[in-house]
Amino acid sequence: METVITAAAPLSQLCGSQVSHLNEPSYSSILAFPPELLAKIVANTLDPPALVDPIFNPSGNAMELLNISHVSSFFRQVTVGEPALWAMAPYLNAVHQDFLETILERSQPYTFNLSFMEDGSLTEDDQIWRLALSHFHRVSRLHIEAMVVSEGDLLVSLFSKSAPSLTECIIQFFGNRTVALCDLSSHPFNDDAPNLRKLDLTNCSVRVRHYPAFAALRDVTVVHLVDEVQHDDRTLLPIDDFIQCRNKLNSLQSLTLHSCIQDPDPESSTRLSSQDSIYLPSLKHFVLKSTIDGCHGLGKILRLPETCSRSITVTFPLHWEPEQLGDAVRAAEAVASFIPSLEYTVCAGGIRGSVPSMRLFIAGQRYPTVTIRFGISAPDAHPDMDLFLLQVGRGLASTLATPLSTIKFLHMHLDGVKTSLVGYLLRPLIKIMKNLEEFVAQGPDVWANGTIVWILDYSIAPNLKKLRVPLDDMMHSAAALRGTAQFLLVRPEIREVTFGVSPSITEEMGHAASDGIRCLIRDVSKDFPGSLVLDWIELQ
């Protein structure tokens, strides 16, 4: 009998089925394992420190270790005697004091992970809580979920204590609210968390001016997921705080700021304009989602390494009405400030979930260097949004002529929309793509959308010579096929059409795939101009 150990089932279940077969060779082979190897196998069945489980289960690791230790005396010897395993197990909710004491004792002398929910079941007077506080100096990874019923009272006592071993801190507040953690303690972790590398906050925040106290800080994520009406302005991060951190965030490698930036007032905007930029030399990934003013303010003072990937989403209030020139100019300035002057080769524009977006790639890179989105909550509610985006595109074109002139490939995806707002954004930009030679359509809606002829008019993209289209779209969408044929008639300069073929088609056809696909191409292209060169490639 052979047992295959995978992450699909707890090790205690897999091995528990063998308890009644101690004399069988398979179980004997497990008994022959070196203890350190078995300890590593056990560790692989536990939730790793980096995993944030969609279903938060603080007691999961402790219960699994307890079950494994009951499989046999050998398993008990290995699990009980390996402190690193128990360092992944501490939890506070509904734990018996004796069991928590056992976990903390078995994890000595290691630092440990601590996970718990603030759900009203714990108070500062509980012995469990006092026991946890007495060992807080050993906590290396802290994960707290504050339920709707909690105001974060327990966090007050944690935030006022030094955390010399803490490397990762994850705090999530549930409900339609945001919490200023600095209100709980004016000096988070007593400004003494020298090993803190990752700070991940949801619906709460720590002021940026405190970040330099965490000398090892590498990864910061602040995400606010609340309605505008419920947003507590005290939890928003003032851009002025970044100025106070000049030359003090040199180790930061990843920064995500999601709907948490405070819009600068006119006085702050004037002050920001006179400030030198703040360089983040080690930053590799930057994500920003904010209003026009928030993006504009940060764009004035932040300077990112050219190799840093950046994703910028400009958001708009629910009842926002576009003021064509003023707002468009500021939006274009904000976006352009985050686009480095590189030699881009690919531009991908599209609409996904009603959000117009644009991504820029440099040669040889699988992932975009720049992603720009316009988070319009309800495009149909803004009848002038098309003109607004056209003005934004013109503003960007006036400052990005050099980096966009090297683009050779333009990809486009439209997510089931009848009108293409992204076309208004891209048209002025395509005009400065002097080397654009190939257009790649992704999805049938690109060709079914009538604006594509306007977007890629000869006066806009005169050097366009090639098209790439999915064969599936041509076979299954009559509107896409008609749209493609119409476009080729309007643009006789197109010399070549390449059909992208899905692997499922080639697999189904087997050895006859090459001849079969060419027959399909002949069928779908019968209304195309006869002078075209037709070819196909298999999609990856």
Side-chain angles (χ1 to χ4, degrees), residues 4 6 8 345-353 357 359-368 407-418 420 422-423 426 430 435-453 455-456 461 463-540:
V4 178
T6 71
T345 56
V346 178
C347 173
I351 292 187
R352 296 180 186 274
S357 66
R359 295 176 294 159
L360 299 176
F361 299 75
I362 59 177
Q365 296 293 323
R366 182 178 179 182
Y367 299 101
I407 288 176
K408 296 182 178 181
F409 306 95
L410 174 64
H411 295 240
M412 185 174 290
H413 173 89
L414 302 180
D415 193 7
V417 292
K418 294 181 180 179
S420 176
V422 76
L426 289 180
I430 294 172
N435 289 292
L436 181 64
E437 60 184 41
E438 183 169 347
F439 177 69
V440 182
Q442 297 176 333
D445 295 308
V446 172
W447 297 112
N449 190 299
T451 58
I452 194 65
V453 175
I455 296 170
L456 293 177
N463 295 318
L464 189 64
K465 298 294 187 290
K466 301 177 183 178
L467 296 184
R468 196 187 315 169
V469 298
L471 180 58
D472 280 358
D473 294 348
M474 300 298 103
M475 292 168 55
H476 300 114
S477 172
L481 185 57
R482 285 195 304 270
T484 307
Q486 178 63 31
F487 180 80
L488 291 170
L489 290 175
V490 174
R491 291 298 310 267
E493 305 83 15
I494 305 296
R495 299 171 181 171
E496 182 178 331
V497 176
T498 301
F499 292 86
V501 180
S502 64
S504 61
I505 293 180
T506 56
E507 290 173 7
E508 182 180 344
M509 292 185 172
H511 296 297
S514 182
D515 292 337
I517 289 170
R518 294 194 180 280
C519 288
L520 291 176
I521 290 174
R522 280 197 298 271
D523 289 342
V524 300
S525 63
K526 59 178 183 278
D527 293 328
F528 291 3
S531 58
L532 285 172
V533 175
L534 304 178
D535 202 354
W536 67 276
I537 59 172
E538 185 172 358
L539 300 174
Q540 301 298 317

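Not measured: the values here are computed from a predicted model.
Looking only at distances, a side-chain donor or acceptor of His413 sits under 3.5 Å from a matching main-chain atom of Gln442.
Applying the ring pair (Phe, Tyr, Trp, His ring centres under 6.0 Å) test to residues at least two apart or on different chains, the pairs with a partner in residues 482-505 are Trp447-Phe487.
Taking both residues in full, the closest heavy atoms of Ser502 and Leu539 are given as N-CD1, 4.2 Å, listed atom of the first, atom of the second, then distance. Residues Leu532 and Ile494 approach most closely at CD2-O, 3.2 Å, considering heavy atoms. Across Leu436 and Glu438, no two heavy atoms sit closer than the pair CD1-O, 3.7 Å. Annotation for Met474 and Val469: closest pair CG-CG2, 4.2 Å, computed over non-hydrogen atoms. Ala480 approaches Asp473 most closely through the heavy-atom pair CB-O, 4.1 Å. Contact record, Arg468 with Ile537: CD-CD1, 4.0 Å, taken as the closest heavy-atom pair.
Taking CG of Asn435 as the reference point, atom CD1 of Ile407 lies at 10.0 Å (rounded to 0.5 Å). Between the CG atom in Leu471 and the CD atom in Glu538 there is a gap of 12.0 Å [rounded to 0.5 Å]. To the nearest 0.5 Å, the span separating CG on Leu481 from OG on Ser525 amounts to 9.0 Å.
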Handout entry: Audit row: Leu489, Asp527, side-chain contact (heavy atoms from CB on, under 4.5 Å) steps and yes/no
Key = CA-CA 10 Å; Leu489 290 175; Asp527 293 328; over 6 Å; no
Practice task
For the pair Ile455 and Phe439, evaluate side-chain contact (heavy atoms from CB on, under 4.5 Å) and give the outcome as yes or no after the intermediate values.
Solution key: CA-CA 11 Å; Ile455 296 170; Phe439 177 69; over 6 Å; no
Exercise for the section: Assess whether side-chain contact (heavy atoms from CB on, under 4.5 Å) is satisfied between Val524 and Met475, documenting all intermediate values. Expected result: CA-CA 7 Å; Val524 300; Met475 292 168 55; 4.1 Å; yes
Problem - Stepwise side-chain contact (heavy atoms from CB on, under 4.5 Å) check, Thr506 with Trp536 - result: CA-CA 11 Å; Thr506 56; Trp536 67 276; 4.1 Å; yes
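For Ser357, there are no side chain to side chain donor-acceptor pair (under 3.5 Å) partners two or more places apart in sequence or in a different chain.
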When the side chains of residues 507-523 are checked against the rest of the protein, which donor-acceptor pairs come out under 3.5 Å, sequence neighbours left out?
none

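When each of Leu426, Leu410, Leu467 is checked for a side-chain contact (heavy atoms from CB on, under 4.5 Å) with Leu456, only Leu410 meets the rule.
Within the 4.5 Å cutoff, the side chain of Lys466 has no heavy atoms near those of the Thr498 side chain.
The environment of Lys408 atom NZ is sparse: at most 12 non-hydrogen atoms of other residues, nucleotides or ligands sit within 6.0 angstrom.
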